Amino acid sequence: MSTSSIQGYATIAVGQPLEPFTYDPPTLGEHDVRVSITHCGLCHTDIQAIDDYYGITDYPFVPGHEIVGHVSALGREASGLKEGDRVGIGWQGRSCGECEWCLQGEEQLCMDIVEAATWLPYGGFSSSIAVDSRFAYPLPDAMSSEIGSVLMCAGITVYSPLRLHAEPPARKIGIVGVGGLGHLAIQFAHALGYEVTALSSSPGKKEQALAFGADHFVVSDPTSLQELAWAFDLLLCTAPGKFEWEPLLAALKKKGKLVLVGFPDLEFNSTDLVAHQLSITTSFLGNRATMREMLNFADAHGITPAIELMPMSQVNEAIQRLRENKARYRIVLVNDMDATRA
Ligand SMILES: [Zn+2]
Ligand SMILES: [Zn+2]
């Protein structure tokens with residue numbers, strides 16, 4: 001096993017650009033695998049962590065949690081994988097295995113979730129990473145590595161709530177936001193058989209939203225939303241930031257659900273929420289079983305994220321594109337670090 005140092009890109013203080021960063025390989029735990037990274041997607045959560053939005057970022061911080069690469073070493077107890085296997089790794093790289101949620105197979109709710117992040121100690125904008133082998137998922141053979149990488153966070157983030165919260169007889173689903181998450185949510189919801197309406201503040205996204213599989217497109221301004229009264233069983237809000245929530249809540253059927261998967265700011269009048277028995281609920285990542293199901297479903301139904309490939313050495317340009325809302329729709333960084341990979 002190589003013990004050469006790992007190369008990556010780290011931000012050394014809140015909000016700063018990333019810079020080349022070299023570190024010693026973390027010790028490989030007995031259930032761990034080391035994965036030599038070929039691809040890593042750029043997620044909005046990476047940027048929020050760079051900016052310490054969640055208040056949990058330690059610096060120097062190496063972001064990156066939509067990882068694809070090849071297994072290069074295995075701990076003594078790691079099973080189900082072998083050297084050379086191509087795997088995907090998402091935001092969660094381990095779990096305590098002992099809390100009530102882990103014991104129920106809901107590892108994404110682990111009581112030690114902050115410690116379970118793949119990016120601890122350092123994330124996927126690196127030449128290699130070590131995670132618990134149970135959180136490294138073999139990718140279907142026909143799936144490209146860039147598609148696999150995007151599915152590891154964006155994919156599971158939108159697939160899991162559709163499976164969790166859109167139980168029959170729900171038929172009509174609105175996807176709020178046509179971005180990195182939303183364009184995938186449209187594809188999954190369509191493939192799952194729902195009547196899908198894409199809602200976006202950008203009228204220019206209509207054609208692409210329909211091409212992704214939306215049956216309808218609506219500009220999400222209050223006037224247009226008024227025409228959607230009682231339209232949806234479920235609204236999946238994939239966009240971050242601030243919204244006018246009352247017109248969205250008014251677009252739900254009675255007992256309808258608003259499901260949040262990003263981290264938007266909430267402030268609204270609760271009249272419609274209470275009077276129509278609406279629910280606001282959430283979904284965070286997905287458990288391991290749903291992760292495997294999602295990969296097979298995406299493979300079987302040809303779910304195809306729209307991807308811009310960029311070399312990892314241009315990580316700061318990629319971050320700037322995402323900050324300026326210019327990414328169409330997901331940026332995946334291809335590892336171009338030429339040093340020996342650990
Ligand atoms: Zn993410
Ligand atoms: Zn746990």
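Remember, predicted model here, so these are calculated numbers, not experimental data. Starting from 1, each residue takes its place in the sequence as its number. In listed order, ligands and their atoms are each counted from 1.
Looking at Glu107 and Arg134, no side-chain N of the basic residue comes within less than 4.0 Å of a carboxylate O on the acidic one, giving no salt bridge.
Angle SG (Cys96) to the Zn ion (ligand 2) to SG (Cys99): 110°, rounded to 10°. Between SG of Cys43 and SG of Cys153, the angle at the Zn ion (ligand 1) works out to 130°, rounded to 10 degrees.
Seen from the ring of Tyr137, Arg292 does not count as a face-on cation partner, given the 6.0 Å and 45° thresholds.
Screening Arg328, Arg321, Lys326 against Glu308 for a salt bridge (charged side-chain N to carboxylate O under 4.0 Å, His left out) leaves a single residue, Arg321.
Two residues are said to be in side-chain contact when any heavy atoms from C-beta on lie closer than 4.5 Å; Val178 and Tyr329 meet this criterion.
Among the backbone and side-chain atoms of His44, no N/O/S atom is found under 2.8 Å from the Zn ion (ligand 1).
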